[in-house]
Amino acid sequence: MPGSVLIPVLGDQLTPTLANLRGVDRADAVILLMEVMEETTYVPHHKHKLVLFLSAMRHFAAELAADGWRVDYVTLDDPANTGTFTGEVARALERHSPRAIRAVEPGEWRVRAAMDLWADKFPCPVTVLADDRFVASLAEFRDWAEGRKALRMEYFYREMRRKTGLLMDGDEPAGGQWNFDHDNRQPPVKGLQAPTVPRFAPDEITQEVMALVERRFPGNMGSTANFGWPVTRAQAQAAADAFFADRLERFGPYQDAMVHGQDDLFHSMLSTSINLGLIDPLDLCRRAEDLYQQGRAPLSSVEGFIRQLIGWREYVRGFYWLHMPALADANALAATRPLPAFWWTGETDMRCLADCVRSTVDDAHAHHIQRLMVLGNFALLAGIDPRHVQEWFLAVYADALDWVELPNVSSMALYADGGVLASKPYAASGAYIHRMSDYCGKCRYKVSAKTGPDACPFNPLYWHFMHRNRRLLEGNPRIGRIYATWDRMGEERQAETLTSAEAFLASLTFSSPPAGQDDDFK
Ligand SMILES: Cc1cc2nc3c(=O)[nH]c(=O)nc-3n(C[C@H](O)[C@H](O)[C@H](O)COP(=O)(O)OP(=O)(O)OC[C@H]3O[C@@H](n4cnc5c(N)ncnc54)[C@H](O)[C@@H]3O)c2cc1C
Ligand code: SF4
């Protein structure tokens with residue numbers, strides 16, 4: 001249709017009320033969805049992540065077409081596919097000769113940099129609208145951050161509570177407290193068993209995508225055989241219904257708990273659906289608030305859940321755009337070690353790490369504390385180069401998008417920004433993991449041993465980390481007193497501790513990421 005408006009919709013913009021679709025006459029528009037090699041290969045994505053994105057895009061295209069939109073869908077297998085968004089928009093201009101392009105800002109810096117060139121490159125006007133699926137606009141976050149030395153999530157979160165009215169009694173927080181984090185740190189009780197999380201049997205569209213992914217990306221992590229993530233709006237709603245019915249109540253208390261072989265516990269497992277745009281995070285918050293108001297869910301769980309969504313999720317997005325592109329290269333602790341090979345395979349005697357990597361390989365998922373206090377903590381203590389860690393997290397998790405992954409990995413887990421996001425590094429010895437999990441009992445290492453070949457590696461690594469970063473961390477009021485403990489240990493024990501840590505680090509082996517796509521398609 002010559003003279004229409006071309007509306008590109010990216011893989012994480014699968015929302016019928018997206019800003020560039022609103023107020024547009026269906027008869028006057030062509031929606032463009034593009035599967036491109038650049039997006040499927042910029043890191044070696046887990047197979048579940050690839051299936052999730054491509055299947056959800058294909059389902060969304062069908063939903064739009066059924067709703068009367070004209071949809072132009074470019075598949076990865078299209079022989080003329082140029083492999084990039086810019087190349088595909090250029091080809092679409094030839095097919096449709098639109099009078100204008102109407103896009104929504106992408107979530108990632110890399111894609112935004114490419115989109116910013118469209119206005120000069122293409123003959124028709126290009127409008128890039130703000131992505132208003134967030135509570136705070138980027139300008140609002142910038143205003144909030146202006147002039148603040150440290151950007152603490154808690155204060156931003158309170159602003160978001162006030163703005164949305166969620167869990168507010170007038171000007172005061174419901175229950176008299178903004179934050180129930182202290183109630184939400186229960187270790188798992190023996191025999192703790194969480195309800196099963198729904199999985200969705202692949203339909204014909206998903207099966208086609210699974211075959212495509214196995215054919216083109218045979219060496220990537222995981223297997224499509226057990227794919228069960230929600231790929232449609234209806235499935236995402238069903239997943240949310242199950243969370244509210246079965247798991248929200250104990251979400252709070254067990255938010256930080258870890259149980260061997262139970263990968264989901266009481267977590268919502270909704271991040272993939274939220275990040276793709278299949279489900280609205282604010283709707284989820286309102287549903288959780290309703291359950292609290294009806295007396296069907298405790299305030300500590302509801303507040304904890306809402307804090308993740310309008311607190312952390314909104315905050316890391318604002319933080320990302322405020323600090324990019326420098327954030328991607330931040331390395332305040334000068335960490336240079338490559339990623340150990342077992343991060344790709346799970347083959348390690350460290351039972352906690354083996355379980356977290358196993359969950360990751362199986363399902364492209366690990367829950368927050370596994371990511372932060374096992375994987376992230378290990379990478380921090382072992383001094384692994386943030387760029388390698390970022391790339392791994394971006395590749396292996398089905399919910400990983402640069403804007404949410406990077407601040408979580410770089411600033412939260414690795415302290416690579418030197419303390420802009422976190423007031424102190426999330427560094428912990430084996431005692432923390434022992435307290436919050438059932439991992440240590442059957443581990444080949446002894447969590448109570450501090451040094452020697454049988455000692456839990458987290459124990460000497462913790463002190464090795466503190467010792468080698470003393471200059472940077474000693475002045476931190478939240479860390480400083482730890483050095484008094486270190487100093488009291490005496491030279492002999494200190495030397496033994498450092499030698500144990502170094503022996504462990506020297507035993508690590510390293511490997512490159514798995515091969516990626518089939519050579520025939522490179
Ligand atoms: C090192 C590290 C890397 C991470 N990488 C990602 C990532 O790539 N993509 C991603 O979506 N989340 C990431 N997170 C945040 C969090 O771990 C996941 O959102 C969560 O595990 C997803 O599972 P869930 O839906 O069951 O979450 P729940 O525990 O049920 O939490 C509810 C929702 O809150 C949001 N949320 C919770 N914590 C965070 C957070 N720290 N930042 C942003 N949103 C949050 C998510 O949308 C999540 O679905 C990362 C955290 C860490 C520590
Ligand atoms: S003993 Fe150490 S390595 Fe083993 S599971 Fe516990 S924390 Fe992990």
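Atoms within each ligand, like the ligands themselves, are counted from 1 in listed order.
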Problem - Atoms of ligand 1, numbered as shown, that sit under 4.0 Å from any heavy atom of Leu372 - result: 53 (C)
Exercise for the section: Spell out, as yes or no, whether a donor-acceptor pair under 3.5 Å connects the side chain of Arg250 to the backbone of Leu265. Expected result: no
Fill in the blank from the handout: The option among His365, His267, Met269 carrying the non-hydrogen atom nearest to atom 23 (O) of ligand 1 is His365
Exercise for the section: Could you name the option among His260, Met350, Lys446 that has the heavy atom nearest to atom 3 (S) of ligand 2? Expected result: Met350
Practice task
Could you tell me whether any N, O or S atom belonging to Cys352 is less than 2.8 Å from atom 8 (Fe) of ligand 2?
Solution key: yes
Fill in the blank from the handout: of all protein heavy atoms, closest to atom 19 (O) of ligand 1 is Ser271 CB, 4.0 Å
Exercise for the section: For Ile274, take its heavy atoms, then give the atoms of ligand 1 lying under 4.0 Å from any of them. Expected result: 47 (O), 49 (O)
Exercise for the section: Measure the distances from the heavy atoms of Phe393 to every atom of ligand 1 and state whether one is below 4.0 angstrom. Expected result: yes
Practice task
Tell me which protein heavy atom sits closest to atom 6 (Fe) of ligand 2, plus the residue, atom name and distance to 0.1 Å.
Solution key: Cys440 SG, 2.3 Å
Problem - Nearest neighbour in protein (non-hydrogen) for atom 39 (C) of ligand 1 - result: Trp312 CB, 3.9 Å
Exercise for the section: Please report the closest heavy-atom contact between Ala416 and Pro386, naming both atoms and the distance. Expected result: CB-CG, 4.1 Å
Handout entry: atom 9 (N) of ligand 1 - nearest protein heavy atom and its distance
Key = Asp399 O, 2.9 Å
Exercise for the section: Using a cut-off of strictly less than 2.8 Å, determine whether Cys443 has an N/O/S atom near atom 2 (Fe) of ligand 2. Expected result: no
Completion exercise
Closest to atom 47 (O) of ligand 1 among protein heavy atoms sits Arg313 CD, 3.5 Å
Problem - Geometric N/O contact Val409 with ligand 1, under 3.5 angstrom - result: no
Handout entry: NZ (Lys163) with more than 12 external heavy atoms under 6.0 Å
Key = yes
Exercise for the section: Compute the minimum heavy-atom distance from Phe305 to ligand 1 and say whether it is under 4.0 Å. Expected result: yes
Problem - Validation row, ring centre Phe458 to ring centre Tyr432 under 6.0 Å - result: no
Fill in the blank from the handout: Tyr439 heavy atoms within 4.0 Å reach ligand 2 at atoms 5 (S)
Handout entry: Neighbour count above 12 (heavy atom, 6.0 Å) for His323 NE2
Key = yes
Practice task
Please answer whether the main-chain N or O of Gly222 pairs with a side-chain N or O of Lys47 as donor and acceptor at a distance below 3.5 Å.
Solution key: yes
Handout entry: Lys/Arg N to Asp/Glu carboxylate O, Arg199 vs Asp264, below 4.0 Å
Key = no
Exercise for the section: Measure from the ring center of Phe378 to the ring center of Phe342 and say whether it is less than 6.0 Å. Expected result: yes
Practice task
Please report which non-hydrogen protein atom sits nearest to atom 12 (N) of ligand 1, along with the residue it belongs to and the distance in Å to one decimal place.
Solution key: Val404 CG2, 3.6 Å
Problem - Atom CD of Glu249 with >12 non-hydrogen neighbours under 6.0 angstrom - result: no
Problem - Protein heavy-atom partner closest to atom 34 (O) of ligand 1 - residue, atom, separation in Å - result: Gln308 CB, 3.1 Å
Practice task
Measure from atom 13 (C) of ligand 1 to every heavy atom in Glu405, Arg247, Met373, Arg371 and give the option owning the shortest one.
Solution key: Arg371
Practice task
Report the nearest protein non-hydrogen atom to atom 33 (C) of ligand 1: residue, atom name, distance rounded to 0.1 Å.
Solution key: Leu309 CD2, 3.8 Å
Exercise for the section: May I ask you to check if ligand 1 and Val316 share an N or O to N or O distance below 3.5 Å? Expected result: no
Problem - Value rounded to 0.5 Å, distance of CG in Leu401 from CG in Leu394 - result: 8.0 Å
Handout entry: Asp438 with Lys190: basic N within carboxylate O range, under 4.0 Å
Key = no
Handout entry: Ligand-side contact atoms (ligand 1) for residue partner Asn275, heavy atom cut-off under 4.0 Å
Key = 9 (N), 10 (C), 11 (O)
Problem - Check: Phe156 ring centre within less than 6.0 Å of Trp144 ring centre - result: yes
Handout entry: Shortest protein contact, atom 2 (Fe) of ligand 2 (heavy atom only)
Key = Cys456 SG, 2.3 Å
Completion exercise
If we number the atoms of ligand 1 from 1 as shown, the ones under 4.0 Å from a heavy atom of Leu270 are 25 (O), 49 (O)
Handout entry: His367-ligand 1 polar pair, N/O distance under 3.5 Å
Key = no
Problem - Asn184 side-chain N/O to Ser300 backbone N/O, donor-acceptor pair under 3.5 Å - result: yes
Problem - Arg358 bridged to Asp355 by N-O distance under 4.0 Å - result: yes
Practice task
Using heavy-atom distances, let me know which of Gly376, Gly311, Ala400 sits nearest atom 8 (O) of ligand 1.
Solution key: Ala400
Handout entry: Chi angles and distances behind the ring pair (Phe, Tyr, Trp, His ring centres under 6.0 Å) call for Trp403, Phe319
Key = CA-CA 9 Å; Trp403 67 264; Phe319 190 92; over 10 Å; no
Handout entry: Heavy atom of the protein closest to atom 16 (C) of ligand 1 (residue, atom name, distance)
Key = His368 ND1, 3.4 Å
Exercise for the section: Would you check whether Phe251 reaches within less than 4.0 Å of ligand 1, judged by its heavy atoms? Expected result: yes
Exercise for the section: With Leu276 as reference, evaluate Trp229, Phe60, Phe53 under the side chain to side chain contact (heavy atoms under 4.5 Å, CB included) test and give the passing residue. Expected result: Phe53
